[in-house]
Amino acid sequence: MSISTRDIVEATGVLSVVAGLLLVAYQINQATNIASAQARAEFSAGWRSVDSTRQSDNFAEVLAKSIYHPNELTPGEILELDAYYTGVLDQIQSAKANWEAGVRSSHWQVTVDFLAPTYFGNEFSRTWWNFSKVGYARGEGEKFVATIDAAIEAAEPDRQKRLIEALQKTAD
């Protein structure tokens, strides 16, 4: 049985069509992932807007109070802080969604490792996370929670207080 030129051309054509279809399927998958990440970002922006309404003009004072005197926080101040930390977690979720969609090149854990010492370097924030993580485990899964737990545990528990005090000394 000999293979004719026509058979080779037909086989090449069929392979080209299959390769083209595979490429189109890949592109559709990428476009779907990107659209999903964009929808997630828009959804998050809406909730960040809602949460921002729970923060007062003097929120920096509320945050400082949570670092130095967490037991003196009022219920209203606690609600402001809840909105703030919900926003921090929302940014982590967005980083995760964008990484999973292929939009973000660095792994989402880079964001967690950066944000944990910056935002969870005080007693109140850690207490907030320990209370809130049950809900995040239901929504994002145990691996998500374990990743954040590990980053927070590795961070200094009094980092924010030490940062403020160090910067105050440079201002003197």
Side-chain angles (χ1 to χ4, degrees), residues 29-168:
N29 186 49
Q30 285 297 100
T32 301
N33 288 341
I34 291 169
S36 176
Q38 288 172 334
R40 167 80 173 92
E42 289 174 18
F43 178 79
S44 296
W47 280 112
R48 280 192 299 278
S49 177
V50 168
D51 285 337
S52 72
T53 64
R54 292 197 291 162
Q55 292 175 328
S56 63
D57 290 338
N58 66 341
F59 179 71
E61 294 299 322
V62 173
L63 185 58
K65 187 176 181 181
S66 77
I67 295 167
Y68 285 95
H69 308 289
N71 294 330
E72 296 175 16
L73 290 165
T74 67
E77 292 167 334
I78 290 170
L79 287 175
E80 287 186 64
L81 290 160
D82 178 58
Y84 175 71
Y85 290 114
T86 298
V88 171
L89 266 289
D90 188 59
Q91 292 300 305
I92 293 171
Q93 289 173 302
S94 291
K96 181 177 179 277
N98 285 329
W99 179 75
E100 289 171 344
V103 175
R104 178 186 167 104
S105 61
S106 62
H107 195 280
W108 64 274
Q109 187 167 349
V110 171
T111 301
V112 174
D113 292 341
F114 173 75
L115 294 179
T118 304
Y119 293 95
F120 294 94
N122 69 73
E123 177 187 346
F124 180 87
S125 62
R126 289 167 180 244
T127 301
W128 178 89
W129 170 245
N130 285 328
F131 181 79
S132 300
K133 67 183 174 181
V134 172
Y136 287 96
R138 282 193 303 264
E140 291 287 339
E142 291 295 332
K143 185 176 180 185
F144 179 83
V145 169
T147 300
I148 295 172
D149 277 343
I152 290 173
E153 189 173 313
E156 300 170 74
D158 64 342
R159 182 188 187 281
Q160 289 176 317
K161 190 182 292 185
R162 289 186 333 93
L163 173 69
I164 291 167
E165 291 168 359
L167 292 174
Q168 283 177 328

Residues forming a side-chain hydrogen bond (donor to acceptor under 3.5 Å, both in side chains) with Thr111, sequence neighbours excluded: Arg104
Between Trp108 and Ile92, is any pair of side-chain heavy atoms under 4.5 Å apart? yes
Tyr136 vs Ile148, test: side-chain contact (heavy atoms from CB on, under 4.5 Å). Steps then yes/no. CA-CA 10 Å; Tyr136 287 96; Ile148 295 172; over 6 Å; no
Arg159: side-chain hydrogen bond (donor to acceptor under 3.5 Å, both in side chains) partners, not counting sequence neighbours: none
Salt bridge (Lys or Arg N to Asp or Glu O under 4.0 Å) with Glu156: which residues, sequence neighbours excluded? Arg162
Thr86: which of Leu89, Asp90, Val88, Asp82 passes side chain to side chain contact (heavy atoms under 4.5 Å, CB included): Asp82
Considering residues at least two apart in sequence or located in another chain, which fulfil the ring pair (Phe, Tyr, Trp, His ring centres under 6.0 Å) criterion with Phe59? Tyr84
To the nearest 0.5 Å, tell me how far Lys161 NZ sits from Ile164 CD1. 9.0 Å
How about Tyr119: does its OH atom have over 12 heavy atoms from other parts shown lying under 6.0 Å from it? no
Can you list the residues that meet the side-chain hydrogen bond (donor to acceptor under 3.5 Å, both in side chains) rule with Ser125, with sequence neighbours excluded? Asn122
Residue set satisfying salt bridge (Lys or Arg N to Asp or Glu O under 4.0 Å) with Lys65, at least two apart, ordered chain then number -> Glu77
Over 12 foreign heavy atoms within 6.0 Å of OH, Tyr68: yes
For Asp149, what residues pass the side chain to side chain contact (heavy atoms under 4.5 Å, CB included) criterion, not counting sequence neighbours? Trp129, Lys133, Val145
Side chains of Val110 and Trp99 in contact at under 4.5 Å (non-hydrogen atoms): no
Hey, what do you get for CD (Glu80) to CG (Leu73), rounding to the nearest 0.5 Å? 9.5 Å
Within a strict 4.5 Å, meaning less than it, do heavy atoms of the Lys96 and Gln93 side chains meet? no
Say you draw a straight line from CG of Leu81 to OG1 of Thr127; how long is it, rounded to the nearest 0.5 Å? 11.5 Å
Taking only residues two or more places apart in sequence or in another chain, which ones pass salt bridge (Lys or Arg N to Asp or Glu O under 4.0 Å) with Glu123? none
Could you measure the distance from the OG1 atom of Thr147 to the NE2 atom of His107? Nearest 0.5 Å is fine. 7.5 Å
Sequence-distant partners of Tyr85, ring pair (Phe, Tyr, Trp, His ring centres under 6.0 Å), two or more places apart: Phe120, Trp128
